[in-house]
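Step one of this worksheet: look at the structure below.
In what follows, chains carry the letters A, B, and so on, assigned in the order in which the sequence lines appear, proteins first and then strands, with residues in each chain numbered from 1.
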Amino acid sequence: MQDALTTLLLSALANRTFRYWSLLPAVLLFVALTLYPLVNLVRMSVSTIEFAQGVEIWRFTPRANFAQLLADDALRPALVNTLVFVVVSVTIEMLIGLALAIAVAGLARGKTWARTAMILPILVPPVAIGSMWKLMYNYDFGIFNQALVALGAAPVNWLGSTSLALASVIVVDIWHWVPFVFLILFAAVEGLPVDLIEAARVDGATRWQIVWRIMIPLLRPAIVVAFLFRTILAFKVFDEVFLLTSGGPGTATELINLHLYKVFFEQNQLGYGALLSLAVIAAIVAFLLVAQRVTVAVRAS
Amino acid sequence: MDLMTMMRASAAALMLAGLATTPAAAQKPFADVGKQAPITILVASTPWYPAFEKVVGLYEQQTGNQIKLDTTPFGGMLEKARNAVRSGKSPYDLMFLDTQWTIEFYEGGFLAPLKEIDASFDLPKEVLSYGDSGWWNAQKRWRTPDGGKLMAYTVLGNVQLLYYRADILKQAGIAPPKTWADVLTACTKLTDPPKMYGFVARGEKGNGIRYDWHSVMLAEGGSVVKDPAAGDYTVTINSPQVKAALDLYTDLLKKCGPPNYGTLGQGDVIQLLSTGKAAMGDVVTAAFASFEDPAKSAVVGKLETVALPAGRGGASGAVVGNWNAVVPKDVPDSQKKAALAFTRWFLSYDAQRAFAQAGGIPNRSDVYTSDLAKESKLRWMPAYLETQKFARQELGYAEGAQVEQILGLRLNQAVIGEMSSGKALNTAAKEIQDLFVKNGRKTGALPPLPE
């Protein structure tokens with residue numbers, strides 16, 4: 001009896017040990033692919049990195065890097081523009097994406113075609129989107145101004161006006177990313193329990209009441225997922241804006257990632273660039289935490 | 001033989017046939033460089049790339065040596081070059097670097113001085129100096145042959161020229177402008193938006209506005225720093241002369257350009273000229289070939305060029321924007337020698353002549369004084385050669401890229417009216433001085449301009 005118990009205990013121990021050992025490759029991979037670059041980024045952020053005689057030279061300069069971060073004049077407009085960009089574009093994308101998801105899911109015919117057409121913009125590479133919209137926004141040759149002139153209106157300085165450039169860039173982002181929100185929410189709408197909606201209808205609920213009181217509360221987990229993904233991606237926007245305006249005119253469309261690119265790649269300031277990257281990561285996390293608190297507060301009220 | 005090689009060989013054969021008929025070809029043979037190891041060149045996808053590709057085809061056909069071209073968009077060139085030299089084993093035997101990037105590579109010790117590959121190597125005396133951007137004096141941290149080593153040679157030397165529509169100016173009774181003030185007077189007269197813009201140049205934030213405006217600033221007698229060659233980094237960007245140049249440039253863009261002048265890039269300026277919507281423009285020499293291509297241009301044969309105009313004091317200014325060829329120090333010796341062999345061949349008179357005929361910009365003065373300059377499609381040559389008399393390298397110090405970022409933003413803010421010119425230049429001066437202080441340079445500042 002005791003032997004059997006011992007064998008059982010040993011076997012359990014071996015199983016547990018094996019379980020831990022079996023995790024090792026995944027842990028090593030995680031460390032190699034995620035943790036090491038992050039640790040290296042932190043190390044870089046407190047250093048100045050230069051090259052001499054073909055060799056990297058690292059100097060420990062945390063105070064200088066932080067002082068540069070605080071004194072960086074280009075950072076403030078970039079942060080403000082990024083916040084405006086994220087809040088406006090994500091809000092509009094969520095609203096349009098949700099409306100489209102509910103509308104397309106309710107179609108009796110042509111649902112497949114409508115769904116396919118809706119997701120087309122997300123398939124276009126960002127570089128092509130930037131070039132295409134830049135042409136369309138062109139003051140002299142763009143289709144928008146050609147149409148305005150044909151209608152007897154004055155052409156608009158879409159990308160060259162400081163008051164309009166950021167809005168023009170946001171429109172492109174909305175066009176590009178509404179399909180993403182639509183896709184997530186459309187799948188969620190399709191998965192809603194039909195009997196619940198039918199029951200509400202039998203009870204005399206209007207279409208608006210069904211959407212507002214039944215569908216949206218049930219869609220909340222999917223909405224949160226879409227919101228989180230879009231917010232993170234919106235903070236990371238780069239290619240479209242780089243191609244459309246390169247951050248100009250002036251600082252009108254300067255976003256945090258454009259600034260980061262210039263510091264890292266054009267100015268070759270690897271240490272300060274790393275510190276800036278960490279600041280961006282911190283800003284995204286802070287924004288998401290605030291958004292989460294607001295959601296909880298709204299839900300509680 | 002793959003399709004590309006066959007096409008290159010055919011193009012080369014056709015060019016050779018053409019060259020054989022010229023007297024110059026009969027007198028001066030191409031350099032004989034013997035059998036060499038195959039090499040790989042990192043080259044940017046630029047308007048002059050097709051011409052370079054043709055010349056490489058000619059080299060392969062003549063010598064039997066092989067060259068692989070890694071053609072990369074401009075935006076990816078610097079990172080590819082950095083990765084290549086920092087990896088410790090460069091995949092490229094020859095790399096083309098924008099002149100602005102070369103300091104980083106010289107200072108980083110990533111390159112092989114050309115004379116260390118072959119002590120007998122010298123640049124032919126006919127090769128234009130382009131502000132000596134290929135030389136590096138490590139002690140002075142300055143690009144100069146005085147105590148410096150030859151690290152690079154110019155593959156393509158771009159300078160800005162003033163392009164003008166000969167037909168339109170003639171019709172309006174206006175002579176080709178000689179000063180920037182003349183340009184302003186003429187363009188104000190010719191502007192009739194949105195049908196015709198009198199003058200176009202880059203106003204976009206960053207390198208675009210900094211580079212185009214810099215020539216006007218030099219012509220007005222301004223400078224960014226006092227005497228960097230002598231180690232004096234006193235910031236002079238907020239002088240009255242620089243302010244005058246910025247106000248003049250703003251007037252040119254605002255009064256004569258399209259309403260989106262603050263976002264115009266090189267592609268936009270070329271597009272406005274080639275579609276016939278601009279009467280004058282400040283554009284790189286390399287764009288000339290595209291203006292003469294009926295598939296791309298509505299103004300074939302109508303655009304003429306002159307050297308960039310002078311300032312109020314009569315002096316002219318132009319900035320050289322050249323591509324330098326460099327050899328990474330960590331490639332095997334046989335590859336370095338093969339890269340240098342191609343260099344000898346490429347810098348020979350006939351190769352440069354072939355480059356010009358294919359649409360490139362040659363770097364030898366004797367090509368510009370040859371019969372080629374009389375050819376209609378190369379009628380930009382006299383203006384180009386004239387510009388070499390006063391064109392110079394600018395921002396040739398380690399902080400150059402950061403100074404360009406500062407100026408690129410502040411100038412753009414001034415021309416679009418986000419800041420007054422005085423405030424923009426005072427702000428830029430402060431930022432540049434802080435940068436020099438941080439890096440331990442001997443620096444100083446001028447009294448601020450009224451804002």
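Counting heavy-atom pairs closer than 4.5 Å to chain B, the top residue among A:Glu266, A:Glu50, A:Glu56 is A:Glu266. Across A:Gly160, A:Gly250, A:Gly248, the residue that shares the most heavy-atom pairs under 4.5 angstrom with chain B is A:Gly250. Ranked by heavy-atom pairs under 4.5 Å with chain B, the first of A:Trp158, A:Phe141, A:Phe51, A:Phe265 is A:Phe51. Among the candidates A:Val263, A:Asn268, A:Thr251, the residue making the largest number of heavy-atom pairs closer than 4.5 Å to chain B is A:Asn268.
With hydrogens and angles left out, the side-chain atoms of B:Thr71 and B:Ser45 include no donor and acceptor closer than 3.5 Å. No hydrogens or angles considered: a donor-acceptor pair under 3.5 Å links the side chains of B:Asn426 and B:Glu451. B:Asn260 and A:Asn157 form no side-chain donor-acceptor contact under 3.5 Å, judged by distance and modelled atom types alone.
Centroid-to-centroid, the aromatic rings of B:Tyr397 and B:Tyr233 come within less than 6.0 Å. Checked against the 6.0 Å centroid threshold, A:Trp133 and A:Trp175 count as a close aromatic pair.
In this structure, B:Glu104 pairs ionically with B:Arg82, as a charged nitrogen and a carboxylate oxygen lie closer than 4.0 Å. The pair B:Lys430-B:Asp434 counts as a salt bridge, with a side-chain nitrogen and a carboxylate oxygen less than 4.0 angstrom apart. In this structure, B:Asp251 does not pair ionically with B:Lys254, as no charged nitrogen and carboxylate oxygen lie closer than 4.0 Å.
With a 4.5 angstrom heavy-atom cutoff, B:Thr427 does not touch chain A via any of its atoms. When heavy atoms are compared at a cutoff of 4.5 Å, A:Ser161 does not approach chain B at all. Only the side chain of B:Pro258 comes within less than 4.5 Å of a heavy atom in chain A; its backbone stays farther off. Using a 4.5 Å cut-off between heavy atoms, A:Ser246 touches chain B through its backbone atoms (N, CA, C, O) alone. With a 4.5 angstrom heavy-atom cutoff, A:Tyr137 does not touch chain B via any of its atoms. Neither the backbone nor the side chain of B:Phe105 comes within contact range of chain A; no heavy atoms are under 4.5 Å apart.
Interatomic distance, A:Ser277 OG to A:Leu260 CG, rounded to the nearest 0.5 Å: 4.5 Å. Annotation: the span from B:Asp98 atom CG to B:Thr102 atom OG1 amounts to 8.0 Å, rounded to 0.5 Å.
Interface with chain A: from residues 72-79 of chain B, residues B:Gly75, B:Leu78, B:Glu79 qualify, criterion being any non-hydrogen pair under 4.5 Å.
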